[in-house]
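Here is how names work: the chains are called A, B, and so on, in the same order as the sequence lines, proteins then strands, and each is numbered from 1. This one's a predicted model, so the numbers in the text were calculated from it and none came from an experiment. These values consider heavy atoms only, across backbone and side chains, with no hydrogens, waters or symmetry-generated copies.
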Amino acid sequence: MAAQKLETVGSFEWSELYLARGSEELVSTRPVFTGDVFKQEDRFVTVLQHPCALRADGVNLLPRVLVAPVERFGKLPESWEGHTKMCFFPHLEGDKSPHFSAMFKSIDLVGSDQLTVDNRVACLSLRGVNVLLQRWVHHNSRAVIDTYVINDVVVGPYEEADIAQEWCERRSEALGSNEAALKECHSWLRQPNTAGGLSRQDCLEDAQQRSGVRRAALQELRRLEQGSGQ
Amino acid sequence: METSYDESSTVVHRAVRSEPSQTRLSSDLMNAAGDLRGQARTLHNEGQDLHRDTTIQNWTSLTSEQGKRRTQDLLDDLHELGFAWRDIARMVGVTVPALQKWRRGQRSSGENKSAIAGLLAACHLIQERYLVKEVASWFEMPVVLGYPVTPIEMYAKGDRVLVFDHASGHASPEEVLDGYEPDWRSRYSSPYAVYRAEDGHLSIGIETV
């Protein structure tokens with residue numbers, strides 16, 4: 001059997017790992033997601049669990065969440081091969097900032113009340129989440145699962161986070177809080193996409209149906225805004 | 001019996017003049033058929049180049065038209081089509097936060113605006129010329145089922161000609177991927193596959209034949 005390799009920089013640009021870094025890019029309405037990096041008093045940590053394992057009710061984080069400490073890493077190796085007990089986060093806080101690395105050997109549980117959007121310093125892109133999970137799964141199981149396979153079990157929840165972010169941007173003020181807007185969004189996502197059919201949440205897992213759910217979300221937001229006189 | 005090949009009409013004629021051997025007849029026919037194939041290939045390649053050139057010209061012209069509009073309006077139209085912001089960002093070659101800034105009214109560079117206009121123009125071309133109704137969904141679907149390469153990826157890498165070839169149906173999905181990534185069959189032959197587990201969630205397991 002041909003040896004499978006962990007994906008390494010070269011098959012992607014390091015900047016592709018991030019959705020947003022630093023206060024200018026981060027959006028406070030985005031729900032906490034796998035790979036988000038948070039600043040604690042004296043350290044950074046990153047969320048390790050698959051998005052489906054972070055919440056029981058779809059809205060609130062579980063009381064305790066599995067994280068890995070994110071530590072300074074001097075010079076990044078040209079190839080990431082061999083560095084299997086970590087996941088690199090180049091220029092974590094901005095283009096000229098230092099490099100960091102999530103250390104899988106020193107995992108920890110933290111209270112979810114410490115993972116707030118105010119102390120979030122980076123969100124990973126879908127590609128970044130896939131790379132992190134590939135390394136994390138390999139560290140725990142020695143199985144190398146291709147990132148395009150991992151993508152299929154991450155893309156649905158990632159789409160939910162995208163929709164929730166926009167929903168909360170537009171509905172938090174009318175509903176009084178980000179949490180209320182997130183609940184409203186989640187409730188809408190749990191409903192069937194068509195009468196008697198799959199839920200919108202399930203449809204987000206299907207590449208063919210995804211764009212239809214996004215369009216429906218925009219229509220629903222416009223309807224709600226008109227209803228509340230915005 | 002002798003075979004002659006009429007180039008002007010591209011029709012093979014056979015005339016009885018003598019009684020040459022069956023081998024001679026077979027050889028002449030083979031030569032004529034070979035010539036015909038060569039001509040057909042040349043014609044096919046010329047037609048393909050001409051079609052691709054005119055498609056790109058049409059797309060460039062549509063891009064110029066879209067370029068007259070505001071960046072915010074172009075982005076809104078793309079979002080209304082059902083694209084995720086991350087996919088728009090990827091195809092335009094910028095970051096999601098950059099798109100968010102432009103949506104809030106900050107100015108984009110001419111180059112970036114042109115790239116956004118180009119994407120919207122490509123969508124309109126594919127919708128109107130090739131009758132693709134749900135264009136965002138079409139962009140997200142794998143070119144060949146079971147392999148992860150999508151028109152989004154090909155467009156983001158700059159292979160617009162292949163995207164239009166795929167939309168037009170003038171190349172088979174396999175030919176499109178051969179043109180994009182010749183080793184696609186082996187590159188994406190993972191032993192793992194995704195299935196829906198008993199708890200209703202998607203899971204990863206070993207692919208079974």
Taking side chain as everything from C-beta outward and backbone as N, CA, C, O, which of these in [X] sits under 4.5 Å from a heavy atom of chain B? Side chain, backbone, both or neither.
X	result
D162(A)	side chain
E13(A)	neither
L218(A)	side chain
E16(A)	neither
V144(A)	backbone
I150(A)	both
A216(A)	neither

Between [X] and [Y] (salt bridge meaning N to carboxylate O under 4.0 Å), is one present in this structure?
X	Y	result
E80(B)	R215(A)	no
R21(A)	E93(A)	no
R222(A)	E225(A)	no
D28(B)	R24(B)	yes

Within 45° cone and under 6.0 Å: R200(A) NZ/CZ vs W188(A) ring: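 Geometry flag: set, cation within 6.0 Å and 45°.
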cation_pi(R214(A), F83(B)) dist<6.0 Å, angle<=45: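 Negative - R214(A) is either too far from the ring of F83(B) or too far off its axis.
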T29(A) and L182(A), any side-chain heavy atoms less than 4.5 Å apart: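 No, too far: nothing below the 4.5 Å cut-off.
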Let's test your reading of the structure: which of [options] forms the most heavy-atom pairs below 4.5 Å with chain B?
options	result
N151(A), D206(A), I145(A)	I145(A)
E205(A), R210(A), H50(A)	E205(A)
D202(A), D146(A), I163(A)	D146(A)
Q219(A), E166(A), Q209(A)	E166(A)

Which residue out of [options] racks up the most heavy-atom pairs below 4.5 Å with chain A?
options	answer
P148(B), A193(B), A89(B)	P148(B)
A98(B), A84(B), A136(B)	A84(B)
I204(B), T150(B), V96(B)	I204(B)

Aromatic plane relationship, Y147(B) with W184(B) - under 30° parallel, 30 to 60° tilted, over 60° perpendicular: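 Taking Y147(B) first and then W184(B), their aromatic rings stand perpendicular (interplane angle over 60°).
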So what's closer than 4.5 Å to chain A heavy atoms on [X]: side chain, backbone, both or neither?
X	answer
F139(B)	neither
R187(B)	backbone
S189(B)	backbone
S203(B)	backbone
Y192(B)	both
W138(B)	neither

Verify whether one side chain among [X] and [Y] offers a donor that lies under 3.5 Å from an acceptor in the other.
X	Y	result
N119(A)	T116(A)	yes
Y180(B)	E153(B)	yes
T147(A)	E7(A)	yes
R103(B)	Q100(B)	no

